[in-house]
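Chain A is the first sequence line, chain B the second, and so forth, proteins listed ahead of strands; every chain is numbered from 1. All heavy atoms count here, side chains included; hydrogens, waters and symmetry mates do not.
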2 protein chains.
Amino acid sequence: MARTKDENTEEQILEAAKNVFQTKGMDGARMQEIADTAGINKAMLHYYYRNKQLLFEAVFKSAFSLLAPQLNKILNDDSSIEDKIRNFTTNYISFIMKHPYLPNFIIQELNRNPDFIITIQKNNTLLNIEKFKAQVDLEVSQGNLKPTKGDQLFINILSLNIFPFVAKPLIKAFIKEDEKGFKQLMEQRKTEVSEFIINSIKQH
Amino acid sequence: MARTKDENTEEQILEAAKNVFQTKGMDGARMQEIADTAGINKAMLHYYYRNKQLLFEAVFKSAFSLLAPQLNKILNDDSSIEDKIRNFTTNYISFIMKHPYLPNFIIQELNRNPDFIITIQKNNTLLNIEKFKAQVDLEVSQGNLKPTKGDQLFINILSLNIFPFVAKPLIKAFIKEDEKGFKQLMEQRKTEVSEFIINSIKQH
DNA sequence: ATGTAGTTTAACTATTTGGTTAACAAAGAT
DNA sequence: ATCTTTGTTAACCAAATAGTTAAACTACAT
């Protein structure tokens, strides 16, 4: 029984490819497994996406385009640095808990092929830290923040929010917690991380 | 011309395998490429290490045993929390700049196979956070530190030190720096990160 | 009903890749 | 000298895997 066009096989393929690529990576993923996951024939993958590379790129772009708006929130909105940090931290941690494989997938594949980010930056002119840096400089000069370098602060914010998810197996081993305990720890971080950062940079 | 025993082919294989596995990962690495890098026949890999999995495990253990002492320094020595943070930050960043592929390799492969860490913890009973947590609690009760949870502090320290190297391609894209600029930024972090953390937790 | 364009499948192909084998070389022991 | 153990190689093998093909099926327009 052949499926009809409007049941949208293409979407099913992309969904299956996401699951497999995000857990196994480009090199570890098998076209057959993607086909099986999508419940279709392997030839269909090549019918809709010419080859593994193109299918992978579709998945990667889709993943990145989920992530980019999260990052732009902190780079390009108009609230104070302090508000940005609080907002970003809670929103980002919630977001990642819904997409736990995402950050690791992006980082792993960017390390495998660093040129990928060049392609991305052409479509995504948004990823620009300049406004954020200017705002940090301003708030420092107003005496609202201690002397702080914008780029280092930005790296710190990303590190504290993203790293625990990327290094989850390592962290679980250290902290000796199971999946539930790990989640509780991450829930705590929604507020603790922003307090930690603001404590460090706020002038008082 | 067959090489003689004391030229130590086994060591050359491990060295080549390190290079290839750490840059390409288990799935991306090819036995042929490892053999070529070592300048020997592919069959030799199987002569010294039975198969790819065992060769990989040798590389992984060797990598992890480089990393473990770094982590134990912060967990199990007797200096104050503040000194620990300063020491760990400078030492760890210097260490990683000499072994740039290490953290990403470990994290990537632990995510691929989380059971791996169970094997490791059997040989490496050292990775225990309890002493660190007790010390944090003590220094909090002495009024030296603000109320701080030991496990969250530990996660923060790891995040701030390790993440920039793991996410290097992403960071370089944001900050718009080349390799040299990235290194300068990391040099700065040797002192900035510890100040950032201590600022946040020190009671004053 | 028939033709046509788009969709789906089973079977196939070419290549890559981890692993094996059997013969050969070197060095040391007897 | 020659036997044995260890190290090394080229050639080979089987399984896995990305990709192809040709036939068949479906929906739909005429």
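Here B:Thr9 does not reach the OP1 or OP2 of D:dG7: none of its side-chain N or O atoms lies under 4.0 Å away. OP1 or OP2 of C:dG18 has at least one side-chain nitrogen or oxygen of B:Arg30 nearer than 4.0 Å. Within the 4.0 Å cut-off from OP1 or OP2 of C:dT8, at least one side-chain nitrogen or oxygen of A:Tyr48 is found. Considering only side-chain N and O atoms, B:Arg50 lies nowhere under 4.0 angstrom from the phosphate OP1 or OP2 of C:dG19.
Between the CE atom of B:Met31 and the P atom of D:dA15 there is a distance of 19 Å, given to the nearest Å. In this entry the distance linking CG of A:Asn51 with C1' of D:dG19 reads 9 Å, nearest Å. Rounded to an integer number of Å, the gap from CE of A:Met44 to P of C:dT7 is 8 Å. To the nearest angstrom, P of C:dC12 lies 18 Å from NE2 of A:His46. As rounded to whole Å, 8 Å separates atom P of D:dG19 from atom NZ of A:Lys52. A:Asn41 has its CG atom 12 Å from the C1' atom of D:dG19, to the nearest Å. Between the CG atom of A:Asp36 and the P atom of C:dT9 there is a distance of 12 Å, rounded to whole Å. As a whole-Å value, the separation of B:Phe56 CZ from C:dG18 P is 14 Å.
Between B:Lys183 and B:Glu177, no side-chain nitrogen of the basic residue sits less than 4.0 Å from a carboxylate oxygen of the acidic one, so the salt-bridge criterion is not met.
Ranked by how close their nearest DNA chain D nucleotide is to the 5' end, A:Asp27 and B:Glu10 are led by B:Glu10. Both A:Tyr47 and A:Lys42 lie close to DNA chain C; mapped to their nearest nucleotides by heavy-atom distance, the more 5′-ward contact belongs to A:Tyr47. When the nearest nucleotides of DNA chain D are assigned to A:Ala29 and A:Ala43 by heavy-atom distance, the more 5′-ward of the two goes with A:Ala29.
Within 4.0 Å (heavy atoms only), A:Ala35 reaches no atom of the nucleic acid at all.
Among the candidates A:Leu153, A:Ile129, A:Asn144, A:Asp151, the single residue satisfying the side chain to side chain contact (heavy atoms under 4.5 Å, CB included) test with A:Val136 is A:Leu153.
A:Glu57 and A:Gln53 are linked by a side-chain donor-acceptor pair at a separation below 3.5 angstrom, with hydrogens and angles left out of the test. At a cut-off of 3.5 Å, with distance as the only test, a side-chain donor of A:Ser94 or A:Lys190 sits close to an acceptor on the other residue.
Atom CD1 of A:Ile74 sits about 8.5 Å away from atom CG of A:Leu71, to the nearest 0.5 Å.
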